[in-house]
Amino acid sequence: MDTHTAAGPATTTVLGRDEAPLSSPLDPVGAWGPTVTPAGLFHLIPVRIERDLPRIGRWMNEPAVAAFWELAGPRTVTERHLRRQLADDVHSVPCLGVLDGTPMSYWEIYRADLDPLARHYPARPHDTGIHVLIGDPAARGRGLGGLLLRAVADLVLDRRPACPRVIAEPDLRNTASIAAFLSAGFRLSAEVDLPAKRAALMVRDRNPHGLL
């Protein structure tokens, strides 16, 4: 699945909590800690370019990922994207998703109300957005995307009490990603025309009766 969605090399790498400070209008995502899922222990680890660029660059060149993220090419393409995400004035935290010690996905947790996306829907203060890709082809198509999306949305709503809802905007053509969001408790709120795509606006409400 891909949302911007897409899991990584089979080698196991244990990553400690990333304590590097991030200048962002988000809470310190690296301090959220791990969460237990039916698939194993899952942890969002903020990206460090020197450590993570080779892996993420490899994922971006997977055909299923490249079709929607459009970051295929030399490693410098991915590096520019990550450096923009890590800029001091950006409201997004790029993370590795680590499942039972193995990095297997890439996530961007961002303030949707401070993003250009907010011009395309009635944003509320502290709306929190998610972009995700599962990098390993073997991890796709098994329901893992929906399971982890549910876990991360639960984390956002638990760790960010001011957040009224979690937002995503997968490409409308990406039916696998939309299905994963639906299975994770999101609802399809609207179809929106964004500069680079026609998107499905997916919403996971804190209040299950909330309406966009």
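Residues take their numbers from the sequence shown, with the count starting at 1.
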Return the minimal non-hydrogen interatomic distance between [X] and [Y], and the atom names on each side.
| X | Y | answer |
| --- | --- | --- |
| A112 | Y121 | CB-OH, 3.6 Å |
| L188 | A200 | CD1-CB, 3.6 Å |
| I130 | A168 | O-CB, 3.8 Å |
| A72 | A66 | CB-CB, 3.7 Å |
| G97 | L44 | CA-CD2, 4.5 Å |
| A184 | L149 | CB-CB, 3.7 Å |

Linking I/L/V/M/F/W/Y whenever any side-chain heavy atoms sit under 4.5 Å apart, do [X] and [Y] land together?
| X | Y | value |
| --- | --- | --- |
| L82 | W69 | yes |
| L144 | M202 | yes |
| I178 | V166 | yes |

Looking at side-chain heavy atoms only, is the closest gap between [X] and [Y] below 4.5 Å?
| X | Y | result |
| --- | --- | --- |
| T78 | Y106 | no |
| V132 | L148 | no |
| L147 | F42 | no |
| W107 | V29 | no |

First locate atom [atom1] of [X], then atom [atom2] of [Y], and finally report the distance between them rounded to the nearest 0.5 Å.
| X | Y | atom1 | atom2 | answer |
| --- | --- | --- | --- | --- |
| L86 | H81 | CG | NE2 | 9.5 Å |
| I56 | R75 | CD1 | CZ | 11.0 Å |
| R159 | T128 | CZ | OG1 | 13.5 Å |
| H43 | C95 | NE2 | SG | 9.0 Å |
| T76 | L53 | OG1 | CG | 9.0 Å |
| F68 | L71 | CZ | CG | 14.0 Å |

Salt bridge (Lys or Arg N to Asp or Glu O under 4.0 Å) with [X]: which residues, sequence neighbours excluded?
| X | result |
| --- | --- |
| R160 | D27 |
| D115 | none |
| R83 | E79 |

Under the side-chain contact (heavy atoms from CB on, under 4.5 Å) test, which residues partner [X], sequence neighbours left out?
| X | answer |
| --- | --- |
| E62 | V65, P137, R140 |
| A179 | none |
| P116 | R119 |
| L194 | L117, H120, E169, V192, K197, A199 |

Practice task
State which residues pass side-chain hydrogen bond (donor to acceptor under 3.5 Å, both in side chains) with D154; sequence neighbours excluded, sorted by chain then number.
Solution key: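 side-chain hydrogen bond (donor to acceptor under 3.5 Å, both in side chains) list for D154, sorted by chain: R204.
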Problem - Which residues share a side-chain hydrogen bond (donor to acceptor under 3.5 Å, both in side chains) with R173, sequence neighbours left out - result: D171
Problem - Donor-acceptor contact present, side-chain T37 to main-chain A39, <3.5 Å - result: yes
Exercise for the section: Show your reasoning for whether side-chain contact (heavy atoms from CB on, under 4.5 Å) applies to T35 and D158. Expected result: CA-CA 11 Å; T35 186; D158 181 60; over 6 Å; no
Handout entry: For R165, the option from D113, D127, D205 that meets salt bridge (charged side-chain N to carboxylate O under 4.0 Å, His left out)
Key = D127
Exercise for the section: Could you work out the complete set of other residues in the hydrophobic cluster of V36, with links drawn between I, L, V, M, F, W and Y side chains under 4.5 Å apart? Expected result: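 V36 clusters with L41.
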Exercise for the section: Take V77 and M60 through the test side-chain contact (heavy atoms from CB on, under 4.5 Å) and record every step on the way to the result. Expected result: CA-CA 9 Å; V77 175; M60 291 299 182; over 6 Å; no
Exercise for the section: Please collect all ring-ring contact (aromatic ring centres under 6.0 Å, His included) contacts where either partner lies in residues 182-205, sequence neighbours excluded, each pair once. Expected result: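 Qualifying pairs: F181-F186.
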Exercise for the section: Report the C-alpha separation of V203 and I167 in whole Å, then their side-chain angles, then the decisive distance to 0.1 Å, and conclude whether the side-chain contact (heavy atoms from CB on, under 4.5 Å) test is met. Expected result: CA-CA 5 Å; V203 178; I167 304 292; 3.9 Å; yes
